[in-house]
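Here the structure is laid out as structure tokens; the discussion comes afterwards.
Along the sequence shown, residues carry numbers from 1.
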Amino acid sequence: MTRVLVTGASGFIGNAVCIDALAKGWKVRGAVRGDRRPLPDGVERWPIADLRDAAWEPALQGIDAVVHLAGIAHELHGQNAEQTYHAVNCAATERLARAAARAGVRRFVFASSIKVNGESTPLERPFHAGDAPSPQDRYARSKWDAEQALDRVAAETGLERVVIRPPLVYGPGVGANFLRLMRLVDRAIALPFGSVRNRRSLIYAGNLSDLMLLCANSSAAAGKTLLACDGEDLSTPELIRRIAKSLGRRTRLWPFPSSLLPGKLVQSLAIDADETRRSLQWRPRFTVDEGMAHAAAWYRSRRSA
């Protein structure tokens, strides 16, 4: 039986990882901040106060693999933002990895970000696994720094590290911009994206979870840096159409000059994950439409609660 420690276990990606690991018959220990956040039944709760000074050794006893999801993903402001990103996303990750190596953990799976590659791609030239990193903001730099720190730990200790760089993740429990977009579509608000021609990759939480658990066990994953996506890229207008379809709403789009819209909504950010699929013999379990349906079902249940 594989024994896994999942950090950030109460987040929407962590929740998916825990549920899928339990379904495989694994023993799951979930590290969460505080002791009130709900976890799936069967997960051993392990409260921590702060990633920056957590005492990991007891939590790592008897663990075969770590799936490290916890960190700062939201945008920070202020003069100390850079230091905070580094402390939580990089230094704390290195501390956990070194503690894992001392405890005899075999595999360390790290959730990085496609933003390590850069902020956008040309319409017909997606990111590839071998591309040189080009992090553009403090968050992305902290993830890239963490990846390099894990390389040092692996070289010094023999810990098998796997880095996964996902794009936008969606699914039950999603928040931030994707949830805001769902709300706008649900309210039948006309959106000014009818003229946008771009290409964006995304990944359903269930697909990302499936890949992470494969990486926790597969010998083929050791030492790899992997890009991951659902395999079907969408333009912003098409993403809105798919959300509308999943919610049973009518799509309302009107043309507006793309040059006057916020950059992230009109830029392309596409991923070529063929190497991940070839090297691990992995295929996404869910299509985009299936993932959207699951996200919509969660959204409707939340709306009516």
Side-chain angles (χ1 to χ4, degrees), residues 13 17 65-69 71 73 85-86 89-90 93-94 97 106-170 198-205 207-235 263-264 267-285 288:
I13 302 173
V17 171
V66 173
V67 176
H68 184 40
L69 297 162
Y85 274 123
H86 181 84
N89 290 349
C90 176
T93 297
E94 182 174 0
R106 171 181 49 83
R107 185 68 56 85
F108 192 100
V109 180
F110 176 58
S112 186
S113 170
I114 195 60
K115 285 168 67 70
V116 170
N117 287 66
E119 291 293 324
S120 64
T121 57
L123 186 62
E124 298 301 330
R125 206 293 184 181
F127 285 132
H128 295 80
D131 291 343
S134 182
Q136 300 296 309
D137 63 15
R138 292 174 290 198
Y139 166 74
R141 286 192 293 271
S142 71
K143 288 292 192 178
W144 171 229
D145 289 345
E147 291 185 22
Q148 295 174 92
L150 288 176
D151 286 341
R152 292 193 297 270
V153 175
E156 294 167 12
T157 68
L159 179 70
E160 297 174 351
R161 80 30 158 195
V162 185
V163 170
I164 301 176
R165 295 178 186 165
L168 172 69
V169 185
Y170 67 99
N198 63 347
R199 179 184 172 197
R200 298 191 71 87
S201 298
L202 59 163
I203 189 166
Y204 174 57
N207 289 333
L208 180 57
S209 168
D210 184 58
L211 177 61
M212 287 180 163
L213 294 180
L214 176 61
C215 288
N217 254 347
S218 171
S219 59
K224 290 192 178 296
T225 297
L226 303 168
L227 307 189
C229 61
D230 283 340
E232 180 184 3
D233 297 336
L234 304 179
S235 66
K264 289 184 179 181
Q267 291 174 338
S268 292
L269 199 165
I271 291 172
D272 184 333
D274 284 351
E275 184 176 334
T276 298
R277 295 173 184 176
R278 281 195 306 270
S279 62
L280 299 184
Q281 295 298 297
W282 176 75
R283 295 292 183 272
R285 290 172 55 199
V288 171

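- Shown here are the ring pair (Phe, Tyr, Trp, His ring centres under 6.0 Å) partners of Y204, two or more places apart in sequence or in another chain: Y170, F286, H294.
- Checked against ring pair (Phe, Tyr, Trp, His ring centres under 6.0 Å), F108 has the following partners two or more places apart in sequence or in another chain: H68.
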Would you list the atom pairs, donor with acceptor, under 3.5 Å between side chains in residues 212-219 and any protein atom, with sequence neighbours excluded?
unit_1, atom_1, unit_2, atom_2, d
N217, OD1, R106, NH2, 3.3
N217, ND2, T2, OG1, 3.2
S218, OG, A220, N, 3.1

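- Considering all non-hydrogen atoms of both residues, A228 and I271 come closest at O-CD1, 3.8 Å.
- Partners of A270 by side-chain contact (heavy atoms from CB on, under 4.5 Å), not counting sequence neighbours, listed by chain and number: T121, P126, R199, S201, D233.
- Within the model, atoms CD1 of I164 and OG1 of T225 stand 10.0 Å from one another, a figure rounded to the nearest 0.5 Å.
- For the atom pair CG of L69 and CZ of F110, the computed distance is 9.5 Å after rounding to the nearest 0.5 Å.
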- Task: Let me see the working for V66 and V109 under side chain to side chain contact (heavy atoms under 4.5 Å, CB included), right down to the final yes or no.
- Result: CA-CA 6 Å; V66 173; V109 180; over 6 Å; no
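- One distance of note links CG of L269 with CG of N117; it measures 8.5 Å at 0.5 Å rounding.
- With sequence neighbours excluded, no residue forms a side chain to side chain donor-acceptor pair (under 3.5 Å) with E275.
- Under the side-chain contact (heavy atoms from CB on, under 4.5 Å) criterion, R283 pairs with R277, sequence neighbours left out.
- The heavy-atom pair separating A140 from V116 by the smallest distance is O-CG2, 3.8 Å.
- Summarising the geometry of I114 relative to P167, their closest heavy-atom pair is CG2-CA, 3.6 Å, with the distance given to 0.1 Å.
- Legend: residues meeting salt bridge (charged side-chain N to carboxylate O under 4.0 Å, His left out) with K115, ordered by chain and number and at least two apart, are E119, D137.
- L226 is not listed as a side-chain neighbour of V163, based on a closest heavy-atom distance of 4.5 Å or more.
- Minimum heavy-atom separation, D274 to D272: N-OD1, 2.9 Å.
- Within the structure, salt bridge (charged side-chain N to carboxylate O under 4.0 Å, His left out) contacts touching residues 142-164 (residues at least two apart or in different chains) are E94-R152, R98-E156, R107-E160, E147-R165, D151-R161.
- Under the ring pair (Phe, Tyr, Trp, His ring centres under 6.0 Å) criterion, no residue pair touches residues 112-165, with sequence neighbours excluded.
- Within the 4.5 Å cutoff, no side-chain heavy atoms of R200 are placed close to those of L234.
- Atom CG of residue N198 and atom OG of residue S235 lie 6.0 Å apart, to the nearest 0.5 angstrom.
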- Message: What verdict does the side chain to side chain contact (heavy atoms under 4.5 Å, CB included) test give for L202 and V169, after you've listed the backbone C-alpha separation in whole Å, the side-chain angles of each residue and the deciding distance to 0.1 Å?
- Response: CA-CA 6 Å; L202 59 163; V169 185; over 6 Å; no
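- The list of salt bridge (charged side-chain N to carboxylate O under 4.0 Å, His left out) pairs with a residue in residues 214-230, not counting sequence neighbours, is empty.
- Note that the CG atom of L168 and the OG atom of S113 stand 10.0 Å from one another [nearest 0.5 Å].
- Take S142 and apply the side chain to side chain donor-acceptor pair (under 3.5 Å) test, not counting sequence neighbours, and it matches N89.
- Under the side chain to side chain donor-acceptor pair (under 3.5 Å) criterion, R141 pairs with E82, sequence neighbours left out.
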